[in-house]
Amino acid sequence: MMRISAGKPIVAGFFEPRTFSIQYVVTDPETRRCAIVDPVLDFEEKSGATGTHSADALLDYISREGLEVEWILDTHPHADHFSAAGYLSDTLGAPTAIGAEVKQVQRLWKGIYNLGDTLATDGSQWDHLFSAGDTFKVGNLEGRVLFSPGHTLASITYVIGDAAFVHDTLFQPDFGTARADFPGGDAGQLWDSMQEILALPDNTRLFTGHDYMPDGREPRWESSVAEQKAHNPHIVGVSREDYIGLRNERDQELPMPKLILHSLQVNTRGGRLPEPEDNGKRYLKLPLNALEGASWGD
């Protein structure tokens with residue numbers, strides 16, 4: 001899915017059906033320089049197998065289009081899939097980045113996993129940590145950072161040209177908004193974050209991190225600020241107080257993502273697996289009864 005316009009980025013989205021995630025390559029058409037946003041490392045929880053098929057699709061596209069990667073960007077430490085930022089950085093030599101508040105997420109999950117000295121909580125697993133208002137370049141395009149907490153403590157939005165990568169805040173207008181019940185989440189903060197995104201110009205293109213294809217439609221990942229304000233049922237005619245009640249009630253009905261306990265110990269390490277143990281194997285820990293209020297949903 002691409003759109004080309006003078007002075008605006010080309011945005012290519014890659015839908016990953018196992019986790020309903022979308023990876024992005026964002027390109028400056030003048031310089032052919034690009035950024036990767038929220039890449040996915042494949043993981044099969046039943047066998048414990050990891051793979052790079054999804055991330056390799058990005059590499060194939062980048063090679064085919066003759067692009068130069070300047071950034072590998074994560075919007076937050078994901079709870080439903082592994083980040084491929086480490087793999088792509090090793091392959092491409094491009095720097096990785098995430099929001100500076102990832103340090104809070106690291107401290108939180110370090111305690112949940114009882115990781116001791118095996119996890120640094122200073123964000124050093126990434127090459128750069130962005131704070132609200134920071135700017136960066138993708139070719140000749142200016143990018144800027146919005147701090148967008150609520151889904152997680154560390155969520156950020158990347159605004160690159162007329163494109164905003166909002167990940168787990170707003171979904172498509174026919175689906176609503178993201179959950180706020182993970183450790184460190186807050187529905188009120190999520191509402192405030194969405195209002196900052198919706199204050200962008202109406203023609204700003206919004207690119208979401210997931211699409212769950214309601215009513216069996218084909219996956220979508222692009223909308224606009226105007227479309228969200230006109231059609232999103234969690235926004236239209238809804239007050240902040242109403243939204244908090246709606247979101248909290250809805251979240252109580254949702255099962256935890258099946259990969260949350262797997263993915264956070266990878267994604268708090270910058271998308272890198274735990275170090276091998278003395279037998280050369282890598283292991284993930286599964287803390288029991290660690291998520292208060294977690295349901296028995298499928």
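Salt-bridge check for R33 with D28: failed, with every basic side-chain N at 4.0 Å or more from each acidic carboxylate O. D192 and R240 are joined by a salt bridge, as a carboxylate oxygen and a charged side-chain nitrogen come within less than 4.0 angstrom of each other. Salt-bridge check for D60 with R64: failed, with every basic side-chain N at 4.0 Å or more from each acidic carboxylate O. Using a cut-off of 4.0 Å between Lys/Arg side-chain N and Asp/Glu carboxylate O, R179 and D181 are scored as salt-bridged.
With 3.5 Å as the limit, one finds a donor-acceptor pair spanning the side chains of S21 and H81. With 3.5 Å as the limit, one finds a donor-acceptor pair spanning the side chains of D80 and H210. Neither side chain, Y113 nor T268, offers a donor N or O lying under 3.5 Å from an acceptor on the other. Counting only N and O atoms by type, the side chains of Q228 and S223 include a donor and acceptor under 3.5 Å apart. No hydrogens or angles considered: a donor-acceptor pair under 3.5 Å links the side chains of T75 and D38. In this model, a donor atom of one side chain and an acceptor atom of the other lie less than 3.5 Å apart for D42 and S54.
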Pair Y243, L190 - check side chain to side chain contact (heavy atoms under 4.5 Å, CB included), show working. CA-CA 10 Å; Y243 177 77; L190 183 58; 3.3 Å; yes
Side chain to side chain contact (heavy atoms under 4.5 Å, CB included) evaluation trace for W221 with D211: CA-CA 7 Å; W221 46 83; D211 187 61; 5.6 Å; no
Show the numbers, then the answer: is there a side chain to side chain contact (heavy atoms under 4.5 Å, CB included) between R269 and E275? CA-CA 10 Å; R269 291 181 166 97; E275 290 298 315; over 6 Å; no
Full working for side chain to side chain contact (heavy atoms under 4.5 Å, CB included) between W109 and T121: CA-CA 10 Å; W109 285 90; T121 58; over 6 Å; no
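Nearest heavy-atom pair, D127 versus S89, reported as atom, atom and distance to 0.1 Å: OD2-OG, 4.3 Å. The two residues R220 and T208 have their closest heavy-atom pair at O-OG1, 4.5 Å. Minimum interatomic distance between L129 and G123 (heavy atoms only, all atoms of both residues): CD2-O, 3.8 Å. Closest approach of T157 and S148 over heavy atoms only: OG1-OG, 2.8 Å. Closest approach of A163 to V11, counting heavy atoms only: CB-CG2, 4.2 Å. Between H78 and L264, the shortest heavy-atom distance links the atoms O-CD2, 3.4 Å.
Side-chain contact between L119 and Q125 is present, with at least one heavy-atom pair separated by less than 4.5 Å. Between E227 and E222 the shortest side-chain heavy-atom distance does not fall below 4.5 Å. Between L261 and P287 there is a side-chain heavy-atom pair separated by less than 4.5 Å. Contact annotation: the side chain of V105 never approaches that of N267 to less than 4.5 Å [non-hydrogen atoms, C-beta and beyond]. The shortest side-chain heavy-atom distance between L170 and L206 falls under the 4.5 Å cut-off. Counting only heavy atoms from C-beta outward, the side chains of V266 and F43 never approach each other to under 4.5 Å. Considering only heavy atoms from C-beta on, P9 comes within 4.5 Å of D162 through its side chain. Counting only heavy atoms from C-beta outward, the side chains of F82 and H262 approach each other to under 4.5 Å.
The line from CG of L153 to CD of Q104 is 5.0 Å long, rounded to the nearest 0.5 Å. Expressed to the nearest 0.5 Å, how far NZ of K281 lies from CG of L273 amounts to 13.0 Å. Here F207 contributes atom CZ and Y24 contributes atom OH; the two are 6.5 Å apart, rounded to the nearest 0.5 Å. Atom CG in L286 sits 11.0 Å away from atom CD in E45 (nearest 0.5 Å). Distance check: F182 CZ to D251 CG gives 8.5 Å after rounding to the nearest 0.5 Å. Remark: T91 OG1 to I62 CD1 distance equals 10.0 Å, nearest 0.5 Å.
Residues M194 and L146 share a single hydrophobic cluster, defined by chaining ILVMFWY side chains whose heavy atoms lie under 4.5 Å apart. Put simply, L58 and I72 are part of the same group of oily side chains (I, L, V, M, F, W, Y) that touch within less than 4.5 Å, one to the next. Follow the hydrophobic side-chain contacts under 4.5 Å out from V145 and you reach V37 in the same cluster. Follow the hydrophobic side-chain contacts under 4.5 Å out from V25 and you reach L92 in the same cluster. Hydrophobic clustering (side-chain heavy atoms under 4.5 Å, transitive across Ile, Leu, Val, Met, Phe, Trp, Tyr) keeps I98 apart from F147.
Of the possible polar contacts, one joining the S193 side chain to the Q189 backbone as a donor-acceptor pair under 3.5 Å is found. The closest donor-acceptor contact from the side chain of R32 to the backbone of E65 lies under 3.5 Å. Judged by distance alone, with hydrogens and angles left aside, the side-chain atoms of H234 form a donor-acceptor pair with the main-chain N or O of T177 at under 3.5 Å. Of the possible donor and acceptor atoms, one in the side chain of E16 sits under 3.5 Å from a partner among the backbone N and O of T19. In this structure a side-chain-to-backbone donor-acceptor pair under 3.5 Å is missing from K229 to V236. A donor-acceptor pair is defined here as one N or O able to donate and one able to accept, closer than 3.5 Å; such a pair exists between the side chain of E70 and the backbone of G139. In this structure a side-chain-to-backbone donor-acceptor pair under 3.5 Å is missing from T52 to A55. Using modelled atom types, no side-chain atom of R144 and backbone atom of V159 make a donor-acceptor pair closer than 3.5 Å.
Within 6.0 Å of CD in E249 there are 12 or fewer heavy atoms belonging to other residues, nucleotides or ligands. No more than 12 heavy atoms of other residues, nucleotides or ligands lie within 6.0 Å of NZ in K258, so this atom counts as exposed by the packing criterion. Counted within 6.0 Å of NZ on K137, heavy atoms from surrounding residues, nucleotides or ligands total more than 12; the atom is thus considered enclosed. By the 6.0 Å contact criterion, CD on E241 is open, its count of non-hydrogen atoms from other residues, nucleotides or ligands being 12 or less. Summarising the local packing, CG of D215 is surrounded by 12 or fewer heavy atoms from other residues, nucleotides or ligands at distances under 6.0 Å.
Aromatic ring centres of F165 and H167: separated by at least 6.0 Å. No close placement of the Y158 and W71 rings is indicated, their centers lying 6.0 Å or farther apart.
Taking the six-membered ring where tryptophan is involved, the planes of Y61 and F14 are perpendicular, since the angle between them exceeds 60° and thus also 30°.
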